[in-house]
Number of protein chains: 2
Amino acid sequence: MSTCKADHCPCGQTCPLQVALKRIGGKWKIPILCVLSCQQGIRYNELMKKVTGITNTMLASSLKELEKDQLIRRVQYNEMPIRVEYFITEKGNQLIPILQPLALWGME
Amino acid sequence: MSTCKADHCPCGQTCPLQVALKRIGGKWKIPILCVLSCQQGIRYNELMKKVTGITNTMLASSLKELEKDQLIRRVQYNEMPIRVEYFITEKGNQLIPILQPLALWGME
DNA sequence: CTGTATCCAATCTGATACTG
DNA sequence: CAGTATCAGATTGGATACAG
């Protein structure tokens, strides 16, 4: 994006920050990751309740993208009825401490 | 957003991360901040060149929002023709080191 | 030089209904 | 239970022209 190359600047030619924000951007991915970082093995309908205000459509599509980017893992148990559990991955968990200073900054 | 309240989770009831990402989200704000963190007192048309690919519309609106959020400062010199310089603020500059680990994470 | 105004396309988000 | 399909509205981004 930018052509800035100073040492203290996180952006290079293809800005890794834009790459990162693409993965965790949007309205719902961070709340989902937060919930998963607190409670592993959570189920779909539990997530619906914990992530206040999210719709079916958005939860499904967000989970799919997070899984594709390997920030979460989906485990399906072929019982009857079917049961699915979601887990945060190592890579996803690394984000939590990284984002904490940003959260503090966001609170002023 | 989420109801998660564990100590290691950056999200509370009104997620400060969402607040932060609103301020620096979108396609162009981070590249603009990066350029400004490297070069203070840069002018409008210089920014156009440095932030590769940005359009007039987006540069103007992004600058306005960044100024409103007090991440940058606009200084106008009433010469002829008019001259304007943009500076990153203390608050904006605090973001750079905070975002660096996220940039590293984005590079894998 | 430093922007605004207008209009359009694309993308994101949400409501509702339906499925294995 | 754990989703998918479809459609509509909202938001974002961009092209072009114009203004102080």
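These values consider heavy atoms only, across backbone and side chains, with no hydrogens, waters or symmetry-generated copies. Below, chain A is the first sequence line, B the second, and so on; all start at residue 1.
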Establish, with yes or no, whether the OP1 or OP2 oxygen of D:dG14 is under 4.0 angstrom from a side-chain nitrogen or oxygen of B:Lys27.
yes
Heavy atoms of other groups near A:Lys22 NZ, more than 12 under 6.0 Å
no
Electrostatic pair B:Arg74-B:Glu85, nearest N-O below 4.0 angstrom:
no
Starting from C1' on C:dG20, measure out to CZ on A:Arg83 and report it in whole angstrom.
18 Å
In whole angstrom, what separates B:Glu46's CD from C:dT2's P?
8 Å
Rounded to whole angstrom units, what separation is found between the CD1 atom of A:Ile32 and the C1' atom of C:dT13?
13 Å
Does atom NZ of A:Lys91 have more than 12 heavy-atom neighbours from other groups under 6.0 Å away?
yes
Between B:Leu47 (CG) and C:dT2 (P), how many Å, whole number?
10 Å
DNA chain C nearest-nucleotide lookup for A:Gly26 and A:Ile82: closer to the 5′ end is A:Gly26
Minimum-distance nucleotide (side-chain atoms of B:Pro81 versus C:dC1, D:dG3, C:dA15)
C:dC1
Can a salt bridge be assigned to the pair B:Glu67 and B:Arg23 using a cut-off of 4.0 Å between side-chain N and carboxylate O?
no
Hey, can you pull the residues of residues 58-79 of chain B with a non-hydrogen atom under 4.0 angstrom from DNA chain C?
B:Ala60, B:Lys64, B:Arg74
Would a hydrophobic clustering, with Ile, Leu, Val, Met, Phe, Trp and Tyr connected at side-chain separations under 4.5 Å, put A:Leu104 with A:Ile24?
no
Answer yes or no: does a side-chain N or O of A:Trp28 lie under 4.0 Å from OP1 or OP2 of C:dG14?
yes
By nearest atom, which of the nucleotides C:dA17, C:dT2, C:dG14 is closest to the A:Asn56 side chain?
C:dA17
Between atom CD in A:Gln18 and atom P in D:dG13, what is the gap in whole Å?
10 Å
Nearest-nucleotide pick for A:Thr55, side chain only, options being D:dA2, C:dA15, D:dG3:
C:dA15
Does a nitrogen or oxygen in the side chain of B:Arg43 sit under 4.0 Å from OP1 or OP2 of C:dC1?
no
Under 4.0 Å between a side-chain N or O of B:Tyr44 and OP1 or OP2 of C:dT4?
no
Report the distance from atom NZ of A:Lys22 to atom P of D:dG13, rounded to the nearest whole Å.
11 Å
Select base, sugar-phosphate, or nothing to describe what B:Thr57 touches, counting heavy atoms under 4.0 Å on all strands.
base
Flag if over 12 foreign heavy atoms under 6.0 Å of CD, B:Gln40:
yes
When rounded to whole Å, the CD to P distance for the pair B:Glu85 and C:dC1 reads 14 Å
Could you check whether atom CD of B:Gln70 has more than 12 heavy atoms from other residues, nucleotides or ligands sitting under 6.0 Å from it?
no
Rounded to the nearest Å, what distance is computed from the NZ atom of residue A:Lys49 to the P atom of nucleotide D:dG3?
15 Å
